[in-house]
Amino acid sequence: MPATTHHELIAGIRRAAALIGVTCSPEKVQPVLTAFDDVLDEAIIAFRVATNARHEGEFDCRFTIPRHVDPYERARTHGLLTPSGHPAENLLHDLARHCPVDSYGIDFGVVGGFRKIWTYFPGGTGQNLAALRDLPSMPPALAHNLAFFADRGLADKVDIVAVDYRNHTVNLYFTGFADHLRGPAEIKAMHRAAGLPEPSEQMLRFCGKSFGLYTTLSWHSTAIQRIAFSIKTHDPLALPARLGTKIERFARTVPYGRDDPKMVYAAMTASGEEYYKLQSYYRFQARSRLDLMPSIDHAADAA
């Protein structure tokens, strides 16, 4: 990435984070950008803020990278990850060996640093959960909950798998699911089946407009940790949701991607905390060499 562009990105991250009162930690941000410096000029770049207590005081940045780069090895060799022998460290390579890969994504916080790697599958080729279940490093929670997904027609609709190396969790993203899954009765049933608290009426109205959902699984429990729903919109403030003062201020004032769509996510934690996330794009389209990301819109949906 050209030095001037690199500096512009860091300045952009700093300005955007300041909108919600978060100060960047250079020792956390700079190593991530340096590790992937050669591909940032071709990346979709997004910023994300969240209302829940766990994300208080944090500002997330994420970007896509082409499939010829091994993001785990790049992160390890640049000191972003320290191997400990946990199965999470092998999952990305298991996915690459057994599944078609379109591109990858990196997620980091400006305070907490490097966190997550996504694997994007080619658009229109959802992966089969039974095959993912059989990967040696996949959390046993997937096998335990396979019927939960299959009973809802999701068994072959996995678009993205994300590995959170800090929390040792996996996200499975689904799109193209049946309309009835967006209905209040089914959303309540999903939460009950997963042992999660029932969503509020506000969240149920929000979920009725969703195009995708994702679940969070862990190596430390067989339970589904979280179910989240996503909406793509140009006007987050028009959604049937109270996004909270922080997100609303960010949505009104973030200087980037004003004409680009925004992603809004709604989720319920096991403790009963209902929260929302807003994703805004610093750069929605890659600047060059789009052939390296054949499903650029697909990648942007969860960037």
I'd like to check [X] versus [Y] (side-chain heavy atoms, cut-off strictly below 4.5 Å). Are they in contact?
{"X": "Tyr214", "Y": "Arg226", "result": "yes"}
{"X": "Thr119", "Y": "Ile160", "result": "no"}
{"X": "Thr215", "Y": "Asn171", "result": "no"}
{"X": "Arg76", "Y": "Pro83", "result": "yes"}
{"X": "Phe108", "Y": "Arg166", "result": "no"}
{"X": "Val264", "Y": "Gln279", "result": "no"}
{"X": "Ser103", "Y": "Trp118", "result": "no"}
{"X": "Leu213", "Y": "Tyr265", "result": "no"}

Nearest atoms (heavy-atom pairs only) where [X] meets [Y]:
{"X": "Trp219", "Y": "Pro87", "result": "NE1-CB, 3.5 Å"}
{"X": "Pro197", "Y": "Thr269", "result": "CD-O, 3.4 Å"}
{"X": "Leu181", "Y": "Ile187", "result": "O-CG1, 3.4 Å"}
{"X": "Phe36", "Y": "Pro71", "result": "CZ-O, 3.8 Å"}
{"X": "Ala43", "Y": "Phe63", "result": "CB-CB, 4.1 Å"}
{"X": "Leu146", "Y": "Ala130", "result": "CD1-N, 4.3 Å"}

If you round to the nearest 0.5 Å, how far is [atom2] of [Y] from [atom1] of [X]?
{"X": "Thr169", "Y": "Asp164", "atom1": "OG1", "atom2": "CG", "answer": "4.0 Å"}
{"X": "Phe174", "Y": "Leu129", "atom1": "CZ", "atom2": "CG", "answer": "5.0 Å"}
{"X": "Leu81", "Y": "His86", "atom1": "CG", "atom2": "NE2", "answer": "12.5 Å"}
{"X": "Arg115", "Y": "Arg62", "atom1": "CZ", "atom2": "CZ", "answer": "8.0 Å"}
{"X": "Leu172", "Y": "Leu132", "atom1": "CG", "atom2": "CG", "answer": "7.0 Å"}
{"X": "Cys61", "Y": "Asp107", "atom1": "SG", "atom2": "CG", "answer": "8.5 Å"}

Within the side chain of [X], is there an N or O that forms a donor-acceptor pair under 3.5 Å with the backbone of [Y]?
{"X": "Glu186", "Y": "Pro184", "value": "no"}
{"X": "Lys28", "Y": "Phe114", "value": "no"}
{"X": "Arg48", "Y": "Phe59", "value": "no"}
{"X": "Asp159", "Y": "Thr175", "value": "yes"}
{"X": "Thr34", "Y": "Pro31", "value": "no"}
{"X": "Ser25", "Y": "Glu27", "value": "no"}
{"X": "Glu58", "Y": "Val110", "value": "yes"}
{"X": "Lys262", "Y": "Asp260", "value": "yes"}
{"X": "Asn145", "Y": "Phe148", "value": "no"}
{"X": "Asp94", "Y": "Ser137", "value": "yes"}

If the test is side chain to side chain contact (heavy atoms under 4.5 Å, CB included), which one of Arg182, Glu198, Lys188 qualifies with Leu204?
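Single side chain to side chain contact (heavy atoms under 4.5 Å, CB included) partner of Leu204 among Arg182, Glu198, Lys188: Lys188.
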List the steps and the verdict of side-chain contact (heavy atoms from CB on, under 4.5 Å) for Tyr173 and Val158.
CA-CA 6 Å; Tyr173 292 77; Val158 184; 6.0 Å; no
Test side-chain contact (heavy atoms from CB on, under 4.5 Å) on Tyr275 and Lys277 and set out the steps.
CA-CA 7 Å; Tyr275 65 99; Lys277 303 176 186 179; 3.4 Å; yes
Could you walk me through whether Phe229 and Met268 satisfy the side-chain contact (heavy atoms from CB on, under 4.5 Å) test, starting with their C-alpha distance in whole Å, then the side-chain angles of each, then the deciding distance to 0.1 Å, before giving a yes or no?
CA-CA 10 Å; Phe229 293 81; Met268 173 75 72; over 6 Å; no
Would you please test Ile106 and Lys116 for side-chain contact (heavy atoms from CB on, under 4.5 Å) and show each step?
CA-CA 6 Å; Ile106 300 296; Lys116 188 182 297 185; over 6 Å; no
Using only heavy-atom distances, determine whether the side chains of [X] and [Y] contain a donor-acceptor pair under 3.5 Å.
{"X": "Asp70", "Y": "His93", "value": "yes"}
{"X": "Glu8", "Y": "Tyr282", "value": "no"}
{"X": "Glu89", "Y": "Ser84", "value": "yes"}
{"X": "Ser200", "Y": "Glu274", "value": "yes"}

Taking atom CG of Asp235 as the centre, does the number of heavy atoms from other residues, nucleotides or ligands within less than 6.0 Å exceed 12?
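Above 12, so yes.
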If you draw a 6.0 Å radius around NZ in Lys209, do more than 12 non-hydrogen atoms from other residues or ligands fall strictly inside?
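Atom NZ in Lys209 is not crowded, with 12 or fewer foreign heavy atoms closer than 6.0 Å.
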Looking at Arg74 and Asp38, is there a salt bridge between them, counting it only when a charged N and a carboxylate O are closer than 4.0 Å?
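Looking at Arg74 together with Asp38, the answer is yes, because their closest N to O distance falls below 4.0 Å.
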Can you name the residues that form a side-chain hydrogen bond (donor to acceptor under 3.5 Å, both in side chains) with Tyr104, not counting sequence neighbours?
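Result, side-chain hydrogen bond (donor to acceptor under 3.5 Å, both in side chains) vs Tyr104: none returned.
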By side-chain hydrogen bond (donor to acceptor under 3.5 Å, both in side chains), which residues pair with Thr233, not counting sequence neighbours?
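For Thr233, no residue satisfies side-chain hydrogen bond (donor to acceptor under 3.5 Å, both in side chains) once neighbours in sequence are set aside.
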Can you label the angle between the Tyr276 ring and the Phe206 ring as parallel, tilted or perpendicular, going by 30° and 60°?
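Plane angle over 60°, so perpendicular.
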Whether His168 and His220 hold their rings parallel, tilted or perpendicular, with breakpoints at 30° and 60°
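His168 vs His220 ring planes: tilted.
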